Amino acid sequence: MTNELPIRVAIADDNAEYRLTLADLLAYEPDIEVVAVWANGHEVLRDVEQVRPDVLLLDITMPEVDGLCVLKAAPLLAWRPKIVVLTMHEQSPVVLEAVRAGVSGYIVKDAPMEDLLRAIREAHEGRAMVHPQVMRAVLGEIERYAKPNDGWKDLLTAREFDVLCQMAAGKSNEQIAESLHITLKTAKNHVSHILAKLHVSDRSQAVLHAYRERWILPDQL
């Protein structure tokens, strides 16, 4: 028997049928407990500090107070859950604004349920997950034909850059360790060092930084 507490999840979405259906589906997961469902960002900001969810599934487009307003206000909250953006929006400006705000995941609503469950669990463990369908939108905001540069050498070791490339390819720590023939502990240490050196809070922001700086181009992956 495990004594681990379930992941406390709250859902904020203006579509009542969607949020209630999602809550029902999540209720089947033994390691997840849905603790609140909210219809807009106003309800989130009003109740989140009292409910104290571990992970907030947050729609971007909601009436009264939308998801982007919640993201901007989150750093001021006494209780800040991990936030997974759950939306139909794949437009690059919306995605980029959410990623810049430090979300722990970005999943489109029509993604498979297993992707959403993985995003919730990854967020709870302090890791970030951006769905490949969304990452393509991010890449669309960045010039694809510029020549890569080696500015990473001012910040990262060659091995750390190898790990960053693996992260950009969407590989987990376990997959990185296997690909580079290093231990899982070493892979995790490299990821932590990369985040610290780039002054970012999660893997998605590290990868986005690498694309913006032209350290990595999509065609390289």
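Not measured: the values here are computed from a predicted model.
Side chains of Arg203 and Asn173: a donor on one and an acceptor on the other come within 3.5 Å.
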Between Asp162 and Ile176, is the side-chain contact (heavy atoms from CB on, under 4.5 Å) condition met? List the steps. CA-CA 9 Å; Asp162 290 340; Ile176 292 172; over 6 Å; no
I'd like to know whether Ile120 forms a side-chain contact (heavy atoms from CB on, under 4.5 Å) with His124, so could you lay out the CA-CA distance, the side-chain angles of the two residues, the decisive distance to 0.1 Å, and finally the verdict. CA-CA 6 Å; Ile120 291 171; His124 186 244; 5.6 Å; no
The test is side-chain contact (heavy atoms from CB on, under 4.5 Å); show your working for Val9 and Glu33 and say whether it passes. CA-CA 6 Å; Val9 174; Glu33 177 187 5; over 6 Å; no
Please assess Val51 against Trp38 for the test side-chain contact (heavy atoms from CB on, under 4.5 Å), listing each intermediate value before the final yes or no. CA-CA 11 Å; Val51 176; Trp38 295 310; 3.8 Å; yes
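No chain of hydrophobic side-chain contacts below 4.5 Å, direct or via other Ile, Leu, Val, Met, Phe, Trp or Tyr residues, connects Leu184 to Met167.
Taking every heavy atom of both residues into account, Met62 and Gly67 meet most closely at CE-N, 3.9 Å. Scanning all heavy atoms of the two residues, the minimum distance from Pro63 to Ala39 falls at CD-O, 4.2 Å. For the residue pair Ala74 and Ile83, the shortest heavy atom distance occurs at CB-CD1, 4.2 Å. Across Ala23 and Val34, no two heavy atoms sit closer than the pair O-CG2, 3.9 Å. Heavy atoms only, all atoms of each residue included: Pro81 and Pro53 are closest at CB-O, 3.3 Å. In terms of heavy atoms, Leu195 sits closest to Ser201 at CD1-O, 4.2 Å.
Two residues are said to be in side-chain contact when any heavy atoms from C-beta on lie closer than 4.5 Å; Val65 and Asn40 fail this criterion. For the pair Leu22 and Met113, the minimum side-chain heavy-atom distance is below 4.5 Å. When side chains are defined from C-beta on, Arg80 does not count as touching Glu49, because their heavy atoms never get closer than 4.5 Å. Within the 4.5 Å cutoff, the side chain of Gln175 has no heavy atoms near those of the Gln166 side chain. Between Tyr106 and Ser204, the closest side-chain pair of non-hydrogen atoms is not below 4.5 Å. In this structure, Ile60 and Asp66 have side chains that are not in contact, with every pair of non-hydrogen atoms separated by 4.5 Å or more. Residues Leu116 and Leu57 meet the side-chain proximity criterion, which asks for heavy atoms closer than 4.5 Å. At a threshold of 4.5 Å between non-hydrogen side-chain atoms, the residues Ile107 and Val85 do not count as touching.
The main-chain N or O of Lys188 is found under 3.5 Å from a side-chain atom of Ser192 such that the two form a donor-acceptor pair. One N or O on the side chain of Asp54 and one on the backbone of Arg8 form a donor-acceptor pair closer than 3.5 Å. Here the side chain of Glu213 pairs no donor or acceptor atom with the backbone of Ala210 at under 3.5 angstrom.
A salt bridge links Lys109 with Asp13; the closest basic N to acidic carboxylate O contact falls under 4.0 Å. Remark: Arg19 does not engage Asp14 in a salt bridge, criterion side-chain N to carboxylate O under 4.0 Å. Ionic pairing of Arg118 and Asp115 is not present here: no N-O contact between side-chain nitrogen and carboxylate oxygen is shorter than 4.0 angstrom. At a threshold of 4.0 Å, the pair Glu160-Lys153 does not count as salt-bridged, since none of the basic side-chain nitrogens sits closer than that to a carboxylate oxygen.
Annotation: the span from His209 atom NE2 to Lys197 atom NZ amounts to 12.5 Å, rounded to 0.5 Å. Atoms CD1 and CZ, on Ile194 and Arg159 in that order, are 11.0 Å from each other to the nearest 0.5 Å. Atom CG of Leu164 sits about 4.0 Å away from atom CD1 of Ile216, to the nearest 0.5 Å. Note that CD1 of Ile11 and CG of Leu20 are 8.0 Å apart. Values are rounded to the nearest 0.5 Å. Remark: Leu45 CG to Leu77 CG distance equals 6.0 Å, nearest 0.5 Å. From His181, atom NE2 reaches atom CD of Glu178 across 8.5 Å, with rounding to the nearest 0.5 Å.
Residues that satisfy the side-chain contact (heavy atoms from CB on, under 4.5 Å) test with Ala123, not counting sequence neighbours, are Val55, Lys82, Val84, Ser104.
Within a 6.0 Å sphere centred on CD of Gln50, other residues, nucleotides and ligands contribute 12 heavy atoms or fewer.
Taking the six-membered ring for Trp and thresholds of 30 and 60 degrees, Phe161 and Trp152 have nearly parallel ring planes, at less than 30 degrees apart.
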